[in-house]
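Heads up, the thing below is written out as structure tokens.
Numbers here are sequence positions counted from 1. Note: hydrogens, waters and symmetry copies are ignored here, and every other heavy atom, side chains too, is used.
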Amino acid sequence: MTNAAIVLALGALLLYGGWAVSAGVATRSLSPVNAVLLSYVASLAVVGGYVLATRRPVVGTRTDVGFALLSGVLLAVATISFYAALTHGNMAIVSAISALYFVVPAIVGVLYFDAQLATTNVLGLGLAVVAVVLVAA
């Protein structure tokens, strides 16, 4: 993995952490759906501004565009679920449980995309689940 990928991944980690905290604060007085709506309006402004500034046209196969749209639908429903969970539970626990989302693509990758997981990969996934169980306890 390149240094740029690591730096960007660490930036994403910090930004996702900030997102979870600000979502928790937002849902103190906003309904989950309204908090998500406002969040997505801000997101669209940032992403739209970036696309316009970099002049990147939307180009891709119909299948890939369809999957991009599906990912947006899944993200929207997941975000509403996350914000709703924040209104009913502890921010640390809700964030820890939802952060295990990476287990799903690991399993799907093995089952449908012929991805190979080494023993250390499986052990890491298992330890992540154990860590979340300990955080939630």
Side-chain angles (χ1 to χ4, degrees):
M1 189 178 313
T2 66
N3 288 340
I6 292 170
V7 169
L8 290 168
L10 289 172
L13 177 150
L14 294 172
L15 292 165
Y16 278 132
W19 166 76
V21 171
S22 60
V25 173
T27 55
R28 290 186 303 188
S29 66
L30 289 169
S31 72
V33 172
N34 287 333
V36 171
L37 174 66
L38 294 172
S39 169
Y40 275 41
V41 168
S43 296
L44 188 56
V46 171
V47 173
Y50 179 77
V51 168
L52 291 173
T54 59
R55 300 176 190 256
R56 294 182 183 221
V58 177
V59 178
T61 66
R62 288 183 129 180
T63 299
D64 292 345
V65 168
F67 274 103
L69 294 170
L70 174 62
S71 73
V73 169
L74 295 171
L75 180 61
V77 174
T79 304
I80 292 169
S81 178
F82 178 79
Y83 278 59
L86 289 172
T87 66
H88 297 289
N90 180 296
M91 184 188 311
I93 295 170
V94 168
S95 294
I97 291 170
S98 65
L100 278 176
Y101 76 88
F102 67 86
V103 172
V104 174
I107 292 169
V108 170
V110 168
L111 294 177
Y112 296 104
F113 296 106
D114 297 324
Q116 302 296 317
L117 293 179
T119 304
T120 54
N121 301 134
V122 174
L123 184 60
L125 290 169
L127 289 173
V129 172
V130 169
V132 168
V133 168
L134 292 173
V135 168

For [X], side chain to side chain contact (heavy atoms under 4.5 Å, CB included) partners two or more places apart:
X	value
R62	none
V122	L117
A128	L100, F102
A118	T120, N121

Would you mind writing out the side-chain donor-acceptor pairs for residues 64-73 within the sub-3.5 Å range, not counting sequence neighbours?
unit_1 : atom_1 : unit_2 : atom_2 : d
D64    : OD2    : T61    : OG1    : 3.3
S71    : OG     : A68    : O      : 2.7

### Query
Where is the tightest heavy-atom contact between R55 and P57, given as atom of each residue plus distance?
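Nearest pair, atom of R55 first, then P57: O-CD, 3.3 Å.
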
Rest of the hydrophobic cluster containing [X] (Ile/Leu/Val/Met/Phe/Trp/Tyr, side-chain heavy atoms under 4.5 Å)?
X	value
V135	none
L134	V130
L52	none
L8	none

Going only through I, L, V, M, F, W and Y residues with side-chain contacts under 4.5 Å, is there a path from [X] to [Y]?
X	Y	answer
L74	I80	no
V129	V110	yes
Y16	L14	no
V103	F113	yes
V46	V41	no

### Task
Keeping the roles fixed (side chain from S95, backbone from A92), state whether a donor-acceptor pair exists under 3.5 Å.
no

### Message
For residues 118-137, which residue pairs pass the ring pair (Phe, Tyr, Trp, His ring centres under 6.0 Å) check, not counting sequence neighbours?
### Response
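Residue pairs with at least one partner in residues 118-137: there are none.
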
### Task
Measure the NE2-CG distance between H88 and L86 for me, rounded to the nearest 0.5 Å.
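These two atoms lie 10.0 Å from each other.
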
Counting only pairs under 3.5 Å, give me each side-chain donor-acceptor contact of residues 21-40, with atom names and distances, residues two or more places apart or in other chains.
unit_1 : atom_1 : unit_2 : atom_2 : d
S22    : OG     : G18    : O      : 2.9
S22    : OG     : W19    : O      : 3.1
T27    : OG1    : A23    : O      : 3.2
T27    : OG1    : G24    : O      : 3.1
R28    : NE     : V25    : O      : 3.3
S31    : OG     : N34    : N      : 3.2
S31    : OG     : N34    : ND2    : 3.2
Y40    : OH     : L75    : O      : 3.2
Y40    : OH     : A76    : N      : 3.4
Y40    : OH     : T79    : OG1    : 3.0

